[in-house]
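Model, not experiment: these values are computed from the prediction.
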Amino acid sequence: AIVMIYISGFGWAMGWNSIQYLINAEIYPLRIRAVSSSMVMCFHFVNQYGNSRAVPQMLLSTSEGGLSNAGTFWFFAAITVIGFFWAWFFIPETAGLSLEGMDELFKLRWWEIGRKGQAAAQAAQQAQIERALDEK
């Protein structure tokens with residue numbers, strides 16, 4: 001049982017548990033970075049507390065008011081699938097963008113950031129480079 005707890009903890013740490021650290025480090029423009037990072041970490045700790053309080057109750061049998069082992073598994077499987085689609089459509093690719101370029105991502109509407117954000121940020125960055133070259 002102890003070994004399985006460590007394996008489960010390792011899997012959680014390598015999976016969705018660490019996503020807020022990755023996004024938090026890359027996505028925010030400088031003007032909102034401190035406040036946004038604080039809010040994300042606060043939400044993370046509240047979520048961890050909620051998980052640690054809810055999962056033991058969820059693992060109870062259905063006659064005891066829980067979801068049962070299988071129900072808990074399917075619940076978290078559904079959350080993972082929803083999270084995958086959310087990440088695919090709403091989290092932009094930030095490779096090659098400067099911190100200042102992140103501002104361009106947030107000029108788009110929230111549902112367009114993931115699909116159109118990188119192209120908008122790269123176009124703005126290219127325009128900035130061209131302006132700098134024209135000034136020389």
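- In the hydrophobic clustering, where aliphatic and aromatic side chains (Ile, Leu, Val, Met, Phe, Trp, Tyr) are joined below 4.5 Å either directly or transitively, Trp74 groups with Phe73.
- Clustering ILVMFWY residues whenever any of their side-chain heavy atoms sit less than 4.5 angstrom apart, transitively, puts Ile82 in a cluster other than the one holding Phe84.
- Leu60 and Val55 fall into different hydrophobic clusters, where Ile, Leu, Val, Met, Phe, Trp and Tyr are joined by side-chain heavy atoms under 4.5 Å apart, directly or via other members.
- Remark: Leu22 pairs with Ile19, Glu26 by the side-chain contact (heavy atoms from CB on, under 4.5 Å) rule, at least two apart or across chains.
- To the nearest 0.5 angstrom, Ser38 atom OG is 8.5 Å from Asn24 atom CG.
- Considering only residues two or more places apart in sequence or on other chains, Phe85 meets the side-chain contact (heavy atoms from CB on, under 4.5 Å) condition with Val81, Phe89.
- Remark: Arg109 pairs with Glu112 by the salt bridge (Lys or Arg N to Asp or Glu O under 4.0 Å) rule, at least two apart or across chains.
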Per-pair distances, 0.1 Å, donor-acceptor, side chain in residues 63-72, under 3.5 Å, sequence neighbours excluded:
unit_1 : atom_1 : unit_2 : atom_2 : d
Ser63  : OG     : Ser61  : OG     : 3.0
Glu64  : OE1    : Ser61  : OG     : 3.4
Ser68  : OG     : Gly71  : N      : 3.3
Thr72  : OG1    : Met58  : O      : 3.0
Thr72  : OG1    : Ser68  : O      : 2.9

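- Within the structure, salt bridge (charged side-chain N to carboxylate O under 4.0 Å, His left out) contacts touching residues 27-49 (residues at least two apart or in different chains) are Arg31-Asp103.
- For Ile7, the side-chain contact (heavy atoms from CB on, under 4.5 Å) test picks out Val3, Met4, with sequence neighbours left out.
- Take Gln48 and apply the side-chain hydrogen bond (donor to acceptor under 3.5 Å, both in side chains) test, not counting sequence neighbours, and it matches Asn17.
- For the ring pair (Phe, Tyr, Trp, His ring centres under 6.0 Å) condition, the pairs that include at least one residue of residues 37-64, sequence neighbours left out, are Tyr21-His44.
- Connectivity analysis of hydrophobic side chains (ILVMFWY, heavy atoms under 4.5 Å, direct or indirect) links Leu133 to Ile129.
- Cluster note: Met39 groups with Val35 through ILVMFWY side-chain heavy atoms spaced under 4.5 Å, whether in direct contact or through intervening members.
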